[in-house]
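Let me begin by presenting the structure, written as structure tokens, before commenting on it.
The figures here come from the full heavy-atom set of this structure, side chains too, leaving out hydrogens, waters and symmetry mates.
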Amino acid sequence: MNGDVDTNGNGNGNGNGNRNGGSPERSRSRTDSHRRGGLYRLGTNQSNASIFVDEDVEMAHDELYSGPMAESLPTSVSAFNHFRSRANSTASFSFYRPEDEEEYEYETEEGGEDEREELLIPARGRTHADDVDEIPFEHDAEDEQDSSDLERQAPPNDYVLRRPSTHSRTGSVHSRLLRRDSALSGGSAYGASRFSQKLHMTNEDLYIAIAGFRTSTAGYFAYITICIATLGLGWLLFRWLPRWHVKLVGKKSSLRDCSWVVLENQWNEMSILDIDSKPYGRVLSSVFGAPGKLDAYMLDEDQDPILTHLRMLNYRYVRFYFHPLKDKFFICNGWKDPSWSDVRAVRAGIDSEEKTHRDVVFGKNLIDIENKPIFRLLVDEVFHPFYVFQIASLILWSVDEYYYYAVAIFLMSFGSIVTTLIETRSTMKRLREISRFVCDVRVLRNGFWRYMSSGDLVPGDIYEVSDPNLGQFPADSLLLSGDCIVNESMLTGESVPVSKTPATDDTLHVLDLSASTVSSEVARHFLFCGTKIIRARRPQDDHDEEAVALAMVVRTGFNTTKGSLVRSMLFPKPSGFKFYRDSFRYISVMACVAMVGFIASFVNFIRLHMAWHLIIVRALDLITIVVPPALPATLTIGTNFALSRLKAKKIFCISPQRVNVGGKIDLMCFDKTGTLTEEGLDILGVRVVSRSTNKFSDTLTDPDAFVPNQDHGSGVVGSDDTQKAALYTMATCHSLRSVDGELIGDPLDLKMFEFTRWSFEELNAGGGGADDEEQGTLHPSVARPPPTTKSQTDGAEHDAEDDVPFELGVLKSFEFVSQLRRASVIVRTFGQQSGDIYVKGAPECMREICRPESFPIDYDEQLSHYTHKGYRVIGCATKHIKKLSWVKAQKMKREVVESDLDFVGFIIFENKLKDVTATVLKELLDSNIGTVMVTGDNILTAISVARECGMISKTAHCFIPRFAEGHSRDPNARLEWESTDNHIYQLDPATLLPLPAPADGDASLPYDISNLRNYSIAVSGDVFRWVVDFAPTEVMQRMLVTGKVFARMSPDEKHELVEKMQSIGYCCGFCGDGANDCGALKAADVGISLSEAEASVAAPFTSRVFDIRCVPEVIREGRAALVTSFSCFKYMSLYSAIQFTSVSFLYASASNLGDFQFLFIDLALILPIAIFMSWAGPFPELSRKRPTADLVSRKVLTPLLGQICICILVQTIVFVTVREQPWFIPPKINPGKVNIKNSENTVLFLTSCLEYILAGVVLNAGRPFRQGALQNWPFVATIAITLAITAHMILGPAHWLKHLMQLTHVAWNFRLFMLALGVLYFTLAWVGEHYVFQRLARVIGRTKQALTKKPKNRKEYKLIQERMLF
């Protein structure tokens, strides 16, 4: 089987496939494949961000690469693997047949011998552990365990019952697909071979079914015979319908014995792939990893049998391997060598023999996209059904002697194909350039260091990271020695450098390469392929014998993170926008109309005794008229114009289909920092605790005031010396790194450190431990205060021994962790035996780690004051350690360091609104588009910013929840919703409606808060998680509808919030700029990234102007493009109806339109009118109503059918009238030839020309979504020129023109009559379009509703809002 029938991957699995196959509509629900049976794992809070980058790469605007470039890949900290499924994605597979559940259960209980001599030695008669998952202990038992991940263990707290929290509330799209995972041939589940299986590709969030086949000799002979007998038409048919091909040629075979497989995904995209079998002779764990405990127990004496042959297949650059014991294919991108347990042991690397075997399993370390030859691209393009239809039409027109028309259409089609090929080739070339990376790497192989190509790396290889020639990491690796600073903007979108430290034995133990989430513990040591090396240093500890920084390769090629990102660019999920699906449905209906016309014409021509060849050609020609070949192209014209206008405004789009979706946005979510507010933070000041008054001191704005006269003394910070503690916290507790003398790192840390005016030297300080024997020669990072005048003038009077500089050495640091929301350092002053701990973090976490008596009495008051005013507040705390050595510091655990601290004070940052924020938000709210803030910041700060920018009314209540009982992981917890301005105002926890204020309470309100009816709510991340997991559905939905601020949201919670909004009917957009927004940007219907970093590819839109003015621009252009697409569709449909009517009338007397008449209509009228109709830009003001996106609806079809009726009426009048004229020239019926020069032809051609032109004027959409027709000067000019030419042909054409168009004599009064008919048509069409047809559509709708008693379909969020009216 050579895989010639392949719609989504070729025979070798490297094909790009048919990205056109099906456009399922997006679901508002999502199936969580990683959550078992509706259980939510405590301790897991998975998130997603997946980005790929090169701002010079502009994706091709066609089906091949339309769609977001990346869908489901991990970042350095976390990744989403619970993506939203589309409602109409296909849940049933053609060749996957699950067995009956009950029968299956008996089979597994009876189990028999499973002899696998041909592949395994010995492993005979043993039941494999994984077959236990075939026993249906409960519904979906096996299905929940089957995935591409190998040997994963559920967390111990996996049993806790929770609501399926993410998106499966409304029922699974894959209900049938998830029932079973395997189909056996009968008999015993253990002894029988599997014919098909189902698999979930976690990184791609893709369900696939694999069915085994062998080639049937008889079937293959029949296939060849059909192809030859039909002159290739059979080959075309089987190419378009691969299921027929498989049923004819294929013979069902077990997965263990098959020679090729049919692989089908949930979108019904099918690939036929060959099985590649290679001699192997290695143990099973060398491919599938170490066996689990249950596997080892059931295999008994041979826990790791020999695999004699390795069977594999390639699909979308992913390798699947056949597991002979488990009798199914697995993705082994999570392979981990069982020997990876000791860091020092793995430094020895691997030998050449091991490298050869791993080459067989993992292949080359190359992200090498297949470079399709021109001929193959040409074949793929030309044999697309659209172009095949064009070719058939060209042949038909040539046979009918329409040579000029055929040549013109051929040249247009040829130009289109060439343009597509050039664009595809250039796109592939750019993709290959940015994805393929090869360099020389210094590798330890066979115990010797040598340079070799990075393409030869395999998992387990040890290479030198500190090699100055290495600019980026060649594979996913684990840092074993030394340290690195890397730029992971390719993954996270933030160019903030990230520090990497050497892995430990514990790191190797918890390393789970099959998980879609790289845990934060492992991420600190994990070097991602393609990320750039800013600095790499050898180990600074002289006790380490290694003189270079080392890393071990753990994943290569397309299994790396970068490889996964490239795959997701090549194979985006099908767009689910309804308009495109409905347009092809309408084309199908028109094709049925064409068949009716075909039959009628066929019968009529037989009645007129026409020649048979003429009958067939004429009848077939009618199909090309009813289904205009140019229709698909015209639908994209408006989108392309919109893209060019957006590009001029520095808004770039990588998914053209999302432009139209932007026109349907009814809710926009915004990140706060860097999106609504300025990116940079300025320090307003520091407020420390005065121990004497137990209150906050005045605001300190000058760093010199913290330590008067720079007299740091011994550096020992007493419990009362809060000013020194605050200053030393800012000087040492940060993640800054020094590269080439310049400090780089988090902008907040940088701003904080610059405020101190101190200097920072990383790891190479001269002091810091010469007096401490235990510390040896280690040189910690050192912070020094600015030089003082005293030290400069008096320094000469002191001996060198006495002139000891004041230095703070950082012995150990704990980096900021988003879950803990704090960072800490262990510091020792040079020359002192004691040490100090400094911690900074969110004020909310200070309560957990500080002694209660250290808090001032006005703590809550001051925190509320600053957060209400929109400032960002960071808390500081400290603890003194009387005796501290380097060894003791290294052994201290984080939970010990960050406990029993003394609270020091607040660092207050000022974050200003961007200039355009309030204006843009007001524009959105005025146009009935909801706005929501989603941020990781403090909830009170977020509320303050929301009020300042107008997102929340300044006079309306805002309620925030708190846990009155329990906590965020307690299903029985209880929430109380209180007003931020006066706690006596509360919401009913069951309905989220305001409760009456108690009569005895103080109802006075600050800030003139008086509006209770227009209230909103603000929710923190922990409450959001609890409501999603445990609260009643109605409460969750009401929270989503009334929520305006979602604070302290983690990246995965942002993602989940967007999908929850979509689940209740919102068309949701998201605008953000940081790494923690990437998941939400991808999940949103329209994601707009303000990031200049490469991560902007995570979103369909990227704005190079870093404020939110791009949001209304995208919505305006989206609405204009959507309305334009509808106008063009209606115009092209009307064009085909007009021409169908003209030709049908002429066919009645065996006449037809002439060659140049067709040419004039198509090229001089239809093409320029359709193009320039799309030229108009958007109306500058956003309307409160949104355009419809439903093509098959009364609003669209009623006016269209009305326009068609008017056109038919006008042509009927002129056709009947001309026959009564004394100068009428009837058509001469010639059985072998069509007569064109007759009066019927002339008047129908001229009248239809008027209809084509005036229909463009009538259907040209203007306000409220597009500019008026008069502002579209190319369109006005086109209408004027075409009307002038048509009027000239009607009133008195020149002789050459009359001869060219084959026109006959028409009396002067009838010429005026045709012009009058044109005026009549325009009047009827205009009045009908703007005043009659829409009212008629509403009447039809109300009548239908009254007859069927069915309520109108409305979006769920609107129904929820109505239920909340009070």
Side-chain angles (χ1 to χ4, degrees), residues 583 625 628-641 1120-1142 1157-1177 1179 1187 1196 1199-1211 1244-1263 1265-1290 1314-1315 1317-1331 1333:
S583 63
I625 292 171
L631 180 57
T634 55
L635 297 180
T636 63
I637 295 173
T639 302
N640 291 333
F641 281 137
L1122 187 57
V1123 169
T1124 299
S1125 294
F1126 272 83
S1127 295
C1128 282
F1129 185 86
K1130 290 163 69 175
Y1131 181 66
M1132 294 303 290
S1133 299
L1134 197 56
Y1135 146 66
S1136 64
I1138 293 170
Q1139 197 165 83
F1140 178 76
T1141 305
S1142 302
Q1157 289 176 346
F1158 275 121
L1159 208 58
F1160 177 77
I1161 291 170
D1162 280 13
L1163 301 187
L1165 299 183
I1166 302 304
L1167 192 63
I1169 290 174
I1171 290 174
F1172 293 121
M1173 181 187 287
S1174 308
W1175 185 281
F1179 192 68
V1196 177
L1200 180 58
L1201 293 174
Q1203 294 290 352
I1204 290 173
C1205 291
I1206 294 172
C1207 291
I1208 294 173
L1209 174 66
V1210 170
Q1211 289 200 53
L1244 283 172
F1245 166 68
L1246 295 174
T1247 305
S1248 65
C1249 286
L1250 287 175
E1251 288 182 328
Y1252 295 131
I1253 298 167
L1254 298 174
V1257 177
V1258 171
L1259 297 178
N1260 180 45
R1263 298 179 66 171
F1265 305 118
R1266 300 204 318 161
Q1267 293 175 342
L1270 296 179
Q1271 292 173 279
N1272 184 1
W1273 64 265
F1275 178 73
V1276 173
T1278 301
I1279 294 297
I1281 292 170
T1282 52
L1283 267 178
I1285 294 172
T1286 304
H1288 174 67
M1289 287 193 295
I1290 292 174
M1314 284 191 288
L1315 290 176
L1317 273 179
V1319 174
L1320 174 66
Y1321 164 74
F1322 180 74
T1323 305
L1324 291 175
W1326 180 271
V1327 172
E1329 184 71 18
H1330 293 88
Y1331 301 103
F1333 297 141

Contact summary for A1170 and C1128, nearest pair of heavy atoms: O-SG, 3.8 Å
Separation between CD of E1251 and OG of S1142, rounded to the nearest 0.5 Å: 7.0 Å
Pair I1169-Y1252, side chain to side chain contact (heavy atoms under 4.5 Å, CB included): steps then yes or no: CA-CA 9 Å; I1169 290 174; Y1252 295 131; 5.5 Å; no
Heavy-atom side-chain contact between L1317 and L1250 under 4.5 Å: no
Q1211 and L1244, any side-chain heavy atoms less than 4.5 Å apart: yes
Shortest non-hydrogen contact from A1255 toward L1134: CB-CD2, 3.6 Å
Worked check of side chain to side chain contact (heavy atoms under 4.5 Å, CB included) between T1247 and V1210: CA-CA 8 Å; T1247 305; V1210 170; 3.8 Å; yes
Check: S1125 and F1129 side chains under 4.5 Å, non-hydrogen atoms: no
Reported CG-to-OG distance for the pair L1259 and S1133, which is rounded to 0.5 angstrom: 9.5 Å
Reported CD1-to-CG distance for the pair I1204 and L1200, which is rounded to 0.5 angstrom: 4.5 Å
Closest heavy-atom pair and its distance - A1269, V1276: O-CG2, 3.2 Å
Side chain to side chain contact (heavy atoms under 4.5 Å, CB included) assessment of Y1321 paired with L1209: CA-CA 9 Å; Y1321 164 74; L1209 174 66; over 6 Å; no
Interatomic spacing from CG in L1167 to CD1 in I1161 - rounded to 0.5 Å: 13.5 Å
Pair C1207-T1141, side chain to side chain contact (heavy atoms under 4.5 Å, CB included): steps then yes or no: CA-CA 8 Å; C1207 291; T1141 305; 5.9 Å; no
Donor-acceptor contact present, side-chain T1286 to main-chain L1283, <3.5 Å: no
Shortest non-hydrogen contact from A1325 toward V1258: O-CG1, 3.7 Å
Check: I1166 and M1132 side chains under 4.5 Å, non-hydrogen atoms: yes
Heavy-atom pair of closest approach, residues T1124 and A1120: OG1-O, 2.6 Å
Expected output: side-chain N1272 to main-chain F1172 donor-acceptor under 3.5 Å: yes
Interatomic distance, Q1203 atom CD to F1333 atom CZ [nearest 0.5 angstrom]: 5.0 Å
Any side-chain heavy-atom pair of I1171 and F641 under 4.5 Å: yes
Shortest non-hydrogen separation from G1256 to M1173 and the atoms involved: O-CE, 3.5 Å
Spacing of I1206 atom CD1 and I1138 atom CD1 [to the nearest 0.5 Å]: 10.5 Å
